[in-house]
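Worksheet: the structure to be examined is printed underneath.
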Amino acid sequence: MSRLPTFKGGIHLPEYKELTEREKIKKLPLPPRVVIPLNQNVGSPPRPVVEVGRPVKAGEVIAEPEGPVSSTLHASVSGVVTALDLFPYPAGPDSLAIEIETDQNDSSPELIPSISDPSRLSPDEIRRKVLEAGVVGLGGAGFPAQVKLDPPEGSRIEYAVINGVECEPFLTVDNRLMLEETGKLLAGLRIIMRATGAREGIIAIEANKMDAFYKVQAVVHKEKDIRVRLLKVKYPQGAEKQLIYSLFHREVPAGGLPSSVGCVVQNVGTAIAIAEAVLSGRPLIDRVVTVTGPEIKDPGNFRVRIGTPFQYLLEAAGGLPDGEIKIISGGPMMGIAQATLNAPVIKGTSGLLVMRPVSRERNLPCIRCGECLRVCPIGLIPSDLGTMADKERWDDFEGLGAENCIECGCCAYVCAAGRDLVQLIKLGKAALASRKVQK
Amino acid sequence: MKGKKERLFKVTPAPQLHGGESIPRVMWTVMLALLPAFLASLYFFGWKAFQIEAVSVITAIFTEAVIQKLRGRPVTITDGSAAVTGLLLAFTLPMDVPIWLPAVGAAFGIGVGKHAFGGLGHNIFNPALIGRTFVMHSWLPFMTTWSPPRLAMYAQVDAVTYATPLGAAREAVISLVPSPDGIFSTMDMFWGSIGGCIGETSALALLLGGVFLLIRGYVRWQTPAAFIGTVVLLTWVLPVKEGAIALAPYHHLLGGGLFLGAFFMATDMVTTPVTGAGMLVFGLGCGLITSIVRLYGGFPEGVCYSILVMNAFTPLIDKFTRPRIFGT
Amino acid sequence: MLKEFTKGIFKRNPVFILLLGLCPTLAVSISVENAIGMGVASTFVLVFSNVIVSLIRSLVPKKIRIPCFIVVIATFVTLVELFLEAYLPGLNKSLGLFVPLIVVNCIILGRAEAFASRNPVLLSLSDGLGMGVGFTGALVLLGAIREVLGANALFGFELVPGFRPAMIMILPPGAFLTIGLLLGLFALIRARREARGAE
Amino acid sequence: MTAIFAAIITISGLGLLFGLGLAVGSRVFAVHLDPRLEQIEELLPQLNCGACGYGGCADYARALLNGECEPNVCPIASPEARARIAELLGRLLEEEEKLEARIFCRGGYDAVRRYDYEGLPTCAAANQIEGGVIACDYGCLRYYTCREVCPFDAIRIDDRGNPVVIPEKCRACRLCVQHCPRGIIRIVPSHSRVDILCSSRAKGKTVVKVCSVGCIGCGKCVKECPVEAITLEDNLAVIDYEKCINCGKCIEVCPRGIIEKIEEKEKNRPVAGDNRGLSSVPVLPG
Amino acid sequence: MIGELFIIFIGVVLVNNFVLVRFLGLCPYIGVSRDLKSAAGMGVAVIFVMTMASAATWVIYHYLLASGPHNIWFRLFGDGIDPSAFNFSYLRTIAFILVIAALVQLVEMVITKSSPALYRALGIYLPLITTNCAVLGVTVLNVDSFFPGGEAVPGSFLKCLIQGFGAGVGFTLALILMASIRERLELADVPPALRGAPIAFMIGALMSMAFLGFTGLI
């Protein structure tokens, strides 16, 4: 086999995908209540347009976009709005959310008639539909999809890339979607190409998902302007900049966007959501979540409504094991450990992991083994960044290029001294940002 | 506050996975890599070599424990770093040193060379080499007297006139001149059946350990390759100084402490550059200084000094060999 | 006046506290003998330059005072040089370069500038004497440590028979090491005393 | 005789030559440097702690000279030194009262935790994930970064795990204030000796769930205060230091025991806690 | 000749490094080595001053102070007098220090004018070059090594120049290494008692130990 394309740096991780990669996507019954945080997208959070006590239907708009980079929120179930208050949030402190008590009718408003031929739509219309459907990046970051479909003035998009890499261990959402919703994926890619004017579509898949590769290949091979590319299994292959480098040997400039090297990248789930939004006018009110862990009874991939509490989701997978455990929202490398199971699934939630914590020595002095800078996909020196953040030497910290860090976690994974390098760098970046605000 | 106690989950910062690498694992792997050379030292120099090694390792560990206790820091002697320092120091001593000498060297190396700078990870210079240099220049006569290895077939040569291959060439002792027919055959040098410090004579044993570390990834190829390559090249092309006997590059390769230095000392993580390019520069510098000292300097061997001098250059090298940031 | 004398010995010791005059301190502290020789020579220059500077302090324009002081100091150093050459050639040889370099010993110029140029003659004299004694004391302390450890001797006489001295102590690294450890020790003592004083 | 003359001429000739050279040079390369800069620097503590907000003492001295700030910004410099600097700058120093830092949380070991934290042992880190390890959003995280950054060792840990400012050592440098991620350290006038040591602006119901001592905003102290110095702001009783007369009547009525008398001298504190075991590793007992 | 000059250069840079072996210029070595930028600035200034001073003092020593056929006084007044009567070498200390003082002041003026940032970084150490014993040291050393018995060796001017330049390079080398090491130690867990000057001396000790390897190189 010829050598598969990849990037510099990175690490090889145990995959743990076997737990769920063959589990078909299951639809979960409606939860008794949902909690829909307002803050689910990069940019400004949408403004709520419902008040407590008001009945809503599934798919009805409950918050409207605010500002140029924002998104729309919809009620994910039909029922009554019971609160607009602070609720646990999976990616940080308690956050403002709308709580809806489900009425189990699951009635939805009329969907806008479907459009069979998206090539008749203008790019502006596509973007409007995507915005109205509240589609944001489902890979985790939550970047509003319509913004990505609107390349900045002066840049010409050559490639529309579907990111089917899913390099985080454990997660199998994109894998299942590629297998089960191949047609929609392709439709989504067509729409993205149409909206951005890309001349070629690429579906990038890591070589550990051969089933998905063959399935997608079988569908795509007739298409002249769409290719499937197999990539080497390496973390973080799915990071946007690394993916673009692997595919085209182009480096997105530091601080720049993929569009500056002629690319637009969308996650598999996002592409499918775009297809649904544009073709059938269906808003983004549910998503697929991998619920897994070595000690979970029934791990699987579940299609759940946005706002479903983790508690409900975990019970569907067989409940929590006893003893000391760690709950992670997202993948094990970049995911966030949870304090409570009351936090809900949001648009960016790709997985829910239950792990046994392994205690180890942490934050010993750096022995300068240099492993972190060999695995850093960005070419930073994480050990020094960590030290500078720890000693609050912000000028040096910035001078070492801290702002380029993608927080992939490779450095902390390999650190022999067990230093929490990513945490240090995150804290440092936050301090840097607040220092800039002060100035 | 009242009622049933809620279940608390463990929360750790991302990433939630760890590769399992740890400081003890690194250090004890290096110890393992030193095992062949340790066995070789026992084989060629016998019981006395063991005594030296034991005293050195125990003193190193003891010194570290005492200092950490005094400073109120956690005592980390089980991580193996002090043991590695002690063993490496012992390897660089000749067999005939008095038994207190390795103890002084180890205490100085750990105390001044390592903990004065803040302990593991903070030291600038290789503590083992600091210890060696200290005893070398304190008690020069002990450090330049060589006994023939126990099993040498030419054991009739007495200790006083015995010398290392490099020393013999410098003093131009014709009877000891290394030559295929002379008493230092290339094979002897490769196996280790020659005069020298107890851990440095057996090129084979060191090579075994070195290759093991290379495979494990604790040693990068850049440093040993640049170091050894430069020495071989320079000793081949440069003329020797007046009165000395020219040695072939392979004598320089096998006859001194080059392998020990290149694989185990110049690759010490704490005191050498972190990037590949930096390691190349470091190795090059080591090779250059070693060759110059060996060919023109006042001492027959220069590996130790070359590494110490380059240790001082390490922060500077690190500063100028930073990797390129993606997208810049 | 006594205060001016004693402050140079302990509280404001030129070597250990003010970190002045380090070059000759490290260079000549190979043995106690050299240390005393250097100390006395420096003290001589220090005292006389202090006195002269104090005498002419009102005559010298402020702008060119430093060159003037240097000339005064250099004159006395030349005197010392000539004296040593004539009467103590052995010492002169072992002090070598550092005899003319007394000129640039920061202590001397420092005292001339900071003290003698602002104070009357007698005070300046006692200040110079104190600083000189402090300097000599530091030199002797360093020299004694290095000679004992590095040569197993004091004033050239062997001390403990059978003890093998660490030769490195009389080599350059020994000088750096001794002063480094001594300074560390003093810092430790100071910190301890401050901690006790606070309670 | 010739030799002596020659010597004299040599030296004086050289002197003359260099003197002339320098005289010319000083004209050509003249730069005006304010001599006060060095004098100010000498008066500053040279601790380079950064408490003034400038990059070290030298930077602060420059800022002073440029009139960017007042001489009382440096919290470390002695009043005499500040007066001297002000004098140098020809400025009047505003009369200012003595200040000290105060930590407004007494949650201690009993404060309810959100989760078991394992990671970087600093307050900022413990506050970063999931809203912080302590369930009360206004509660001390007890990783004691404030004590680590204090240049004067003016923060100790009491027997219930609360960091406490030692008033006589504190010089109100604000480093702890800047480093507290929960913002529960404030600078207060030293004449205030009675205070409500809680920062929680949450509703009483929430406070009861997460803390055994936190202010529930019951308002009893407000009623009791003879000089109307206490007001309720967002469920939190707050003392107006201008009005407070340190009578201590509020202490008795507080149902949560969160109002305390703060002794000016640490020695007068009733029972000084034993914080030996806590000195090096901040432990959160389970 | 080239070989000789090379040996002189190596000699002062490595074997008899001014700071690490000869203990000259220790004040700036400890004082200006806190960060790399000012160390480099100081180093360049010292190299410049040392080279200039070597040249200037050679001229003065050769033509004014040393006895011999070049002595100006001898040429002017020396008819029939023993040339040794015109030996003013005892004035070298005074004369040299004057030369250096003037030179340094000039350099200072130039730097103050051309680069205020550099001036700020070097702070009080620029005037201290005057009393930097390394500079006076190199000029005295020049006289000692290239005017044995008062008579100049062949090529003495060039040799003085190289020795002065090399001494500056050696000083700068030691200073820059020290500064880079201290920058790293800023972040290290150095015991409080050893912070600052003590640890700087310890580094000096260990560097000096490493440089012992160059003994006997020339």
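Since the structure is predicted, the reported quantities are computational estimates derived from the model, not experimental observations. Each chain gets a letter, A, B and so on, in the order its sequence line appears, and its residues count up from 1.
- With a 4.5 Å cut-off on non-hydrogen atoms, B:Val135 does not touch chain C at all.
- Atom CZ of C:Phe44 sits in a crowded spot, with more than 12 heavy atoms from other residues, nucleotides or ligands closer than 6.0 Å.
- Environment of CD in C:Glu33: sparse, with no more than 12 heavy atoms of neighbouring residues, nucleotides or ligands closer than 6.0 Å.
- To the nearest 0.5 Å, atom CE of residue C:Met167 and atom CZ of residue B:Phe134 are 11.5 Å apart.
- Interface residue C:Pro165: only backbone heavy atoms are found under 4.5 Å from chain B.
- Around atom CZ of B:Phe62, no more than 12 heavy atoms belonging to other residues, nucleotides or ligands sit under 6.0 Å away.
- Residues C:Leu177 and B:Phe108 meet the side-chain proximity criterion, which asks for heavy atoms closer than 4.5 Å.
- Scanning both residues, B:Trp139 and C:Arg164, for their nearest heavy atoms gives NE1-O, 3.1 Å.
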